[in-house]
Every structure is written in structure tokens, then in C-alpha cells.
Amino acid sequence: MKKLRDIKRLLIANRGEIAIRVMRACREMGIQTVAVFSDVDRTALHVMLADEAYPLNGVTAAETYLDQSKILDIARSKKIDAIHPGYGFLSENASFAERVEHAGIMFVGPSSKAIRLMGGKTSARNLAQEIGVPTISGTIEPLSSVSEGIAKAKEIGFPVLLKAAAGGGGKGMRIVSSEEEFGSAFRMAQAEAKSAFGDDRVYLEKFVEHPRHIEIQIIGDHHGNVIHLGERECSIQRRHQKVIEESPSPFVDNELRERLGEAAVRLARKGGYTNAGTIEFLVDEKKQFYFLEMNTRLQVEHPVTETITGLDLVKLQLEVAMGRELPIRQADVRATGHAIECRIYAEDPANNFFPSTGRLQTYRIPQGPHVRVDNGFQTGDVIPIHYDPMLAKVITWGKSRGESIETMKRVLDEFVVSGIRTTIPFCMTILEHPAFVAGMCDTQFVEREFRPSALWQFSDNDRRAACVAAVLLKTELRQSVDLVNHNLPVSNWKKKRNETLRSS
């Protein structure tokens, strides 16, 4: 049992919307927040909203948000009680968590021991096999060379998937279909993993075709309590990066939900896991599931779970870190309605999702009933090239899945951005796609339906989505996307909005 200890000053070792999300929870709990920032983030929104902010003196992730010593030096000199790592960067770095612990500072997350065990892809899979949770075949240890990887791939059978041993979020992942592709894919996966997580180790697993990506949110305290908060459907992905998430899954029934939740809690208990985390599974068409990995941190898509359960995961994280007991038990968890999250990236869908940098000339966030926007930017900000290109997350709720989809379409239509290109029209097109509306998507949906050679080509029955594509490809005004059918009149307010944007 952990000794009770209050957090009075918390350093957030991150940037953007997740740093702001943590700050808001802290403010409501009476905890002072301390931000850190790179040279290009000096005037960023998370810096403006913090109680205090200190420079990391550098530009790239490696010399700023991934520099453990700089962050710890600030924490020590500013008498910080705890560090929240957010997601990405150092959030799943066991050595960082260990250094925080040794400095006598609380790490708002699992212990360094639990990160090594459960965050290590191979060690977590070994643990799952030990307790009888189904797993996908793959290597036990990270690969040491291309030749070893090719030999293992032949043994498992192509196609295979290379994955970063440390971290997640689609970074350091490559599908390999043949021996000839292996060498270059291995080197690219290593380089990407090194850049994103400071760790270039990769391992191999069998690539399962047409699965669903279903994850279970868990949280545990230091008093032996571990609960799950239901599932999130995360099958809409591009290059292994989630694009749209929702809960509950349109595919998961009560019996499967119970089996997934039980397996997730059992894994977390066996791994001695405390704080928030996510157990990820692949589920096939016959509803057989396989343990994929554990993310030993708060997920990007955590608002989906918060929206349907009414729980604040960041506040629960902080309570657990302070040694307090979870205020709820499994029987208390209730999910109401349906929630969807769209990630909005500064990328150009018409140019193979090439990053779009520049100044936000107009940035107007949508509002309305049952709408939440977790945002990290404001009008006038410059979108840098050095970090993840996500601008914001839009979350909507409805009494049914259909209601939440319709609300999301309205909200994305009201989200106005000029100066850069974003993935808003891409998200809108997915929401209009018949397969998505029917809940019939797997992890290959985006690659199958939106091939670069045929991006934005749709059937005659999908006229509204085709309208979005036409606007995306032909207009210079990035976000004046008109979702109505070409044969229908455009409302006056949309005309005026578009005229205003064109003159800006």
C-alpha cells in the first residue's frame, strides 16, 4: 500500500492539447501546474495556460521533450511534487519513470517496473501467454539484425508486422509482405522508433488480416483494486495511426465485452499495474481475440471513455498517484449513450497526408450540445514541423451511434481552419461512408477504401462524400468544405462564412 502524499505542484512533461487537458484537471483539484516548452513553443497555448513555464532550450523533440535530464533539472529546482508525462514522448519510458522515482518525485503513471514489464511488447506477451490470454505469434525478444528478422518472418509466414518495442501510436510500425521488402522496412521502423521514443528496438509478429482493433481502458490503485471501463473501437487507422475512435464498439456484444474486460483486468493484476492503462486486442470476424500490447499511459482517445462513463481519468490518475483508493468499483461503472472522437491533423489528405505547416490564419473551434474539443492551438499560432501534427480532438455524444455520428458531421462542418490543410474533410468522408455507418470496418478499411491512386473516388451512391472530395481537391480555401449535395442550395450563412474566409 502506498503512503498518502498530496500533489501541490505538478510538472507536465508534454505539450499541446494533452498538456492543457492535464492542467484543467489540476486546476479543478487545486494543484499548481508547471509547463516546459521548446523554443518554437514559447508562445504556445499550453505555456499561456500554465501557472509557471520554463524553457527546455532547443527545437527538436530529442533536445527538448525527450531530454530527461533537462526536465528533471527543472523539476528539482522548482520543487515539483509530481510529473505527468501525458502520452508520447517519455510517457512509456521506464528509465525516465525510474529517474523520477529516484529523485523522490511522483510519476503520474505506473511504476518503472510495471512499464518495463507491461510496456515491453515481448515481456507483456509472455505474461499474457503465462496466464492463458490468447496472443499473436511473433518474436519473444527484439530483433538483433535483418537476417534474424527474415529468418523469423519465414518461420512465422508473411505478411508480418514490425513494431517498436518501446511506445505506440503507430510509430515504428511496418507491414512486410516479402523477404525483399524486409531490410528497408526494418531500417525505417528502427529509425522511426528511435526518433519517437529514443529506443530503436523492434520486434516481429504475424500480421492478422481484416481484424478489429478493440482496446480496454483499465485503472488500478495501490490498494489492490483494478477495474475496466469498457472498450473503445479503434479500427479506423491510417498507417497504424488511429483516426477515429468510438465507444461502445458496434461489433462488441455483452458476452465479448465481458471476456475482454476480464482478460484485461487479469493481465493488469498479474503485472502489478497501477494507474491508467490500456490493453489492446485484435478481434477477428468470429469474435476471437488476441492480446496485442499494453499502453502504459493515458491514451489519446481517453475522452471517448470519459464521455460515456462520466469519469475523469486524469483526476483518477492523480488520486491514484497520491496513494488514494479508487472511488468506484467494477459494479459502479455505467456507460451511457455513444461517443465518437475524430483526430484533427495538420496534414493534406489530397497530397498523401503530407504534413501541412504554417500559420493558423483562422482557427474557429466548434461548439454546441454534446460536443467536446480538446485543443492545443489558437489563431495566429505557427504549426511546427518538429512534433506530431495533431491539432485537436473532437468528441461528440449521442443517445445512439447514429446521433453521435450526425453531431460529429455538424461539428466538423463548423470547424474552420485557414492557413494550413487539415484532415477534417477526410474524417467527414469516413463518417459518410456506408461501411462506417453500418459499423462494418476493420483495420485495413482506410488503406482499402482510400488508396492514394484513387483517393476520394466513391460510388454514385456516395454523392455527399464525393462533394467533400471535389471541394478538397479544387478549392484554395482549405476549410470552406460544403457537405450538401451539389443539387441542393447552399445556406446564406455558409456563403457569408466562405466569403469572409476568402478575404482573410
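Since the model is a prediction, treat every value here as computed from it, not as a measurement.
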Colleague: For V333 and I328, what are the C-alpha separation, side-chain angles and deciding distance, and is it a side chain to side chain contact (heavy atoms under 4.5 Å, CB included)?
Modeller: CA-CA 7 Å; V333 178; I328 55 171; 4.3 Å; yes
Colleague: State whether F353 and R238 meet the cation-pi test: NZ (Lys) or CZ (Arg) under 6.0 Å from the six-membered ring centroid, and within 45° of the perpendicular axis.
Modeller: yes
Colleague: Quiz question: by atom type and distance under 3.5 Å, do the side chains of H338 and E246 form a donor-acceptor pair?
Modeller: yes
Colleague: Work out which heavy atom in C26 is nearest to a heavy atom in L10; give both atom names and the distance.
Modeller: SG-CD2, 3.7 Å
Colleague: Rounded at 0.5 Å granularity, tell me how far OH in Y363 sits from CD in Q378.
Modeller: 10.0 Å
Colleague: Can you tell me how far the CG atom of L229 sits from the NE2 atom of H302, to the nearest 0.5 Å?
Modeller: 12.0 Å
Colleague: Look only at the side chain of D6 and the backbone of K8, and say whether a donor-acceptor pair between them is shorter than 3.5 Å.
Modeller: no
Colleague: Can you find a side-chain donor-acceptor pair between E449 and H433 that sits under 3.5 Å?
Modeller: yes
Colleague: Taking atom types as modelled, is there a side-chain donor on N275 or Q317 under 3.5 Å from an acceptor on the other?
Modeller: yes
Colleague: In plain terms, say whether D51 and R9 are close enough for a salt bridge, that is, a side-chain N and a carboxylate O under 4.0 Å apart.
Modeller: no
Colleague: Quick one: do the H213 and E233 side chains pair a donor with an acceptor below 3.5 Å?
Modeller: no
Colleague: Regarding E215 and K242, does a basic nitrogen lie under 4.0 Å from an acidic carboxylate oxygen?
Modeller: yes
Colleague: Can you tell me if CE on M48 sees more than 12 non-hydrogen neighbours from other groups inside 6.0 Å?
Modeller: yes
Colleague: Between E319 (side chain only) and K315 (backbone N and O only), is there a donor and an acceptor less than 3.5 Å apart?
Modeller: no
Colleague: Salt-bridge test for R372 and E306: reply yes if a basic N is under 4.0 Å from a carboxylate O, no otherwise.
Modeller: yes
Colleague: Taking atom types as modelled, find out whether D41 and Y387 have a side-chain donor-acceptor pair closer than 3.5 angstrom.
Modeller: no
Colleague: Show your working on salt bridge (charged side-chain N to carboxylate O under 4.0 Å, His left out) between K78 and D73 and close with a plain yes or no.
Modeller: CA-CA 8 Å; K78 304 306 175 184; D73 285 346; over 6 Å; no
Colleague: Test side chain to side chain contact (heavy atoms under 4.5 Å, CB included) on L316 and D221 and set out the steps.
Modeller: CA-CA 9 Å; L316 289 176; D221 62 22; over 6 Å; no
Colleague: Please determine if K163 and E293 form a salt bridge, counting it only when a charged side-chain N lies under 4.0 Å from a carboxylate O.
Modeller: yes
Colleague: Any donor-acceptor pair under 3.5 Å linking the side chain of R329 with the backbone of I227?
Modeller: no
Colleague: Check the side chains of R232 and T305 for a donor-acceptor pair under 3.5 angstrom, ignoring hydrogens and angles.
Modeller: yes
Colleague: Tell me if a side-chain donor or acceptor on E63 pairs with a main-chain N or O of V59 at a distance below 3.5 Å.
Modeller: yes
Colleague: Salt-bridge test for D374 and R343: reply yes if a basic N is under 4.0 Å from a carboxylate O, no otherwise.
Modeller: no
Colleague: Are side-chain heavy atoms of V40 and V382 found at a separation under 4.5 Å?
Modeller: no
Colleague: Any salt bridge linking E17 with R21? Criterion: basic side-chain nitrogen under 4.0 Å from a carboxylate oxygen.
Modeller: no
Colleague: Tell me whether N295 contacts the main-chain N or O of R297 through its side chain, where contact means a donor paired with an acceptor under 3.5 Å.
Modeller: no
Colleague: What pair of heavy atoms forms the shortest contact from A189 to R174, and how long is it?
Modeller: CB-CG, 4.2 Å
Colleague: Would R257 and F289 count as a cation-pi pair here, with the cationic atom under 6.0 angstrom from the ring centre and within 45° of the axis?
Modeller: no
Colleague: Tell me whether Q237 contacts the main-chain N or O of V446 through its side chain, where contact means a donor paired with an acceptor under 3.5 Å.
Modeller: no
Colleague: Looking only at side chains, do E301 and Q217 share a donor and an acceptor under 3.5 Å apart?
Modeller: no
Colleague: Cut-off 3.5 Å, side chains only: do S418 and T362 have a donor facing an acceptor?
Modeller: yes
